[in-house]
Protein chains: 2
Amino acid sequence: MAANSRLTIAVHALTWIALAQRRGQEWLTSEQVAASVNTNAVIIRRSLGDLRRAGLVEVRHGAGAGWSMARAPEDITLLQVYDAVEREPLFAMHHTEPNLECPIGRGIRPVLGTVYERADQGLRRELGRTSIADVLRDCL
Amino acid sequence: MAANSRLTIAVHALTWIALAQRRGQEWLTSEQVAASVNTNAVIIRRSLGDLRRAGLVEVRHGAGAGWSMARAPEDITLLQVYDAVEREPLFAMHHTEPNLECPIGRGIRPVLGTVYERADQGLRRELGRTSIADVLRDCL
DNA sequence: CCTTGCTGTAATAATGTATGTTACATCCAA
DNA sequence: TTGGATGTAACATACATTATTACAGCAAGG
């Protein structure tokens, strides 16, 4: 699959904001976050926008604008970040409908759907075990 | 991520070959498999080629050529199929190196590497619980 | 040993997604 | 009112996936 770096970008941004706040800087601009992630500020705004819609960060407009945590780093798991930024399922079904005259073609999609659902749960269970606070601690 | 259908295609092909063999047809051509999956025969040959390199199927050339299981359907898990056909990791790191003058930029990659490794293990544990024989049974 | 049918793979195209970049309307604290 | 940042559209580039055509290579069976 074309693995993407959305989760990486979002976790990096959140962790950096968490560290800045611990150091007393309440609001960070997308430029400041982009400087640590080393990417374009628009990429950061898009990512933080996803996190805002999920209720994980807050944004402030006008003069002195920027981004801030909406919750304590201990209360944000990587699973919540994953859900906020990732839209596609892990595994795709057939591009074109399989041959319904074949018993396998008829039956395989729900069967695979169940298997893929369990695999997804296994992935999510692990992502739910790590918080932004854990990532911050291990970074330092 | 751009979810792909490689696992779906490979499992479908294997399950169909397993059913054909149970019905007494030992060798299937890529055209016959493609007719059930409803895709091009070259796609099937590429997928089965991956499975052959992993030791899951056998190929026969010349007249009467085709594909056959190299193991019993009970002894092939979807995890083995996944490993045979999937090359990319689930999550990508940053496209460009993060800012190494930032504590997060310096430390985050190994931290995320560990988390992503655990998430991958969670996914794989579940895929290892299902065999081609299970898929075949549930299809019928 | 030669025919025949299928495999293995290269080359190409169409499509979709990820990332990066510029531009600009909008917003709001000071 | 204004200045600086957000939100988002528009576009470019790069790459992955799937599909398709073409053809060399292989080997079973006449």
Side-chain angles (χ1 to χ4, degrees), chain A residues 1-10 12-13 17 20 25-35 37-54 57-68 70 85-98, chain B residues 1-10 12-13 17 20 25-35 37-54 57-68 70 85-98:
Chain A
M1 12 198 138
N4 70 41
S5 58
R6 279 191 206 168
L7 184 58
T8 294
I9 301 301
H12 187 149
I17 293 173
Q25 185 165 14
E26 180 75 9
W27 298 92
L28 283 186
T29 68
S30 60
E31 283 290 350
Q32 291 171 313
V33 176
V37 178
N38 192 20
T39 184
N40 193 286
V42 173
I43 303 292
I44 298 299
R45 290 206 288 270
R46 290 204 272 242
S47 179
L48 290 177
D50 287 338
L51 299 180
R52 178 179 56 74
R53 279 181 282 276
V57 299
E58 284 172 357
V59 67
R60 199 168 67 166
H61 285 261
W67 304 85
S68 175
V85 301
E86 209 62 67
R87 10 198 134 275
E88 294 290 323
L90 287 173
F91 302 111
M93 289 293 165
H94 312 66
H95 266 204
T96 60
E97 181 168 75
Chain B
M1 16 198 136
N4 70 42
S5 58
R6 280 192 204 166
L7 184 57
T8 295
I9 301 299
H12 187 148
I17 293 173
Q25 185 166 14
E26 180 74 10
W27 299 92
L28 282 187
T29 68
S30 60
E31 282 291 351
Q32 291 172 312
V33 177
V37 178
N38 192 19
T39 183
N40 193 284
V42 173
I43 302 292
I44 298 299
R45 292 207 285 271
R46 289 205 273 246
S47 179
L48 290 177
D50 287 338
L51 299 180
R52 178 178 56 74
R53 280 181 280 277
V57 300
E58 284 172 357
V59 67
R60 200 167 67 165
H61 284 261
W67 304 85
S68 175
V85 301
E86 208 62 67
R87 12 199 131 275
E88 294 290 323
L90 287 173
F91 301 111
M93 288 293 164
H94 313 65
H95 266 205
T96 61
E97 180 169 75

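What's counted below: heavy atoms across the whole structure, side chains too, no hydrogens, waters or symmetry copies. Within every chain, numbering begins at 1; the chains are lettered A, B, ... in the order of the sequence lines, protein sequences first and strands thereafter.
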Without decimals, in angstroms, what is the distance between [X] [atom1] and [N] [atom2]?
X	N	atom1	atom2	answer
B:Glu88	C:dT17	CD	P	17 Å
A:Asn40	D:dA14	CG	C1'	16 Å
A:Asn4	D:dT17	CG	C1'	15 Å
B:Ile44	C:dT7	CD1	P	11 Å
B:Asp50	C:dT7	CG	C1'	15 Å
B:Glu31	C:dT7	CD	P	8 Å
B:Gln32	C:dG5	CD	P	14 Å
A:Ile43	D:dA14	CD1	C1'	13 Å

Please tell me if [X] has a side-chain N or O lying less than 4.0 Å from either OP1 or OP2 of [N].
X	N	answer
A:His61	D:dG7	yes
A:Arg45	D:dT6	yes
B:Arg6	D:dA16	no
A:Thr39	C:dG20	yes
A:Arg52	D:dT6	no
A:Ser5	C:dT19	yes
A:Ser30	D:dT6	yes

| request: Answer yes or no: is there an ion pair linking B:Arg45 with B:Asp50, defined by an N-O contact shorter than 4.0 Å? | output: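 Salt bridge absent between B:Arg45 and B:Asp50.
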| message | Just by distance, no angles: are the side chains of B:Glu88 and B:Asn4 close enough, under 3.5 Å, to form a donor-acceptor pair? | response |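 There is no such pair (donor and acceptor under 3.5 Å, judged by atom type) between the side chains of B:Glu88 and B:Asn4.
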| query | Nearest nucleotide by nearest heavy atom, which residue falls closer to the 5' end of DNA chain D, A:Arg60 or A:Ala63? | reply |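 Comparing both residues, the 5'-ward one is A:Ala63.
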| query | Where the side chain of B:Val42 is defined as all heavy atoms beyond and including C-beta, which of C:dT7, D:dA22, C:dT22 is the nearest nucleotide? | reply |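 The nucleotide sitting nearest to the side chain is D:dA22.
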| query | What nucleotide among C:dT9, D:dT18, C:dT7 has an atom nearest to a side-chain atom of A:His95? | reply |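 Ranking C:dT9, D:dT18, C:dT7 by closest atom to the A:His95 side chain puts D:dT18 first.
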| task | Indicate the atoms forming the closest heavy-atom contact of B:Glu58 with B:Trp27, along with that distance. | result |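 Answer, listing the atom of B:Glu58 first, then B:Trp27: O-CZ3, 3.8 Å.
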| B:Ser47 and side-chain contact (heavy atoms from CB on, under 4.5 Å): which partner among B:Thr8, B:Ile9, B:Leu7? |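 The side-chain contact (heavy atoms from CB on, under 4.5 Å) with B:Ser47 is passed solely by B:Ile9 among B:Thr8, B:Ile9, B:Leu7.
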| message | Any donor-acceptor pair, under 3.5 Å, between the side chain of A:Arg46 and the base of C:dG20, if you only look at N and O atoms? | response |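 Flag set: donor-acceptor pair detected.
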| said: Distance check, rounded to the nearest 0.5 Å: B:Ile17 atom CD1 versus B:Leu51 atom CG? | reply: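 One gets 8.0 Å once the value is rounded to the nearest 0.5 Å.
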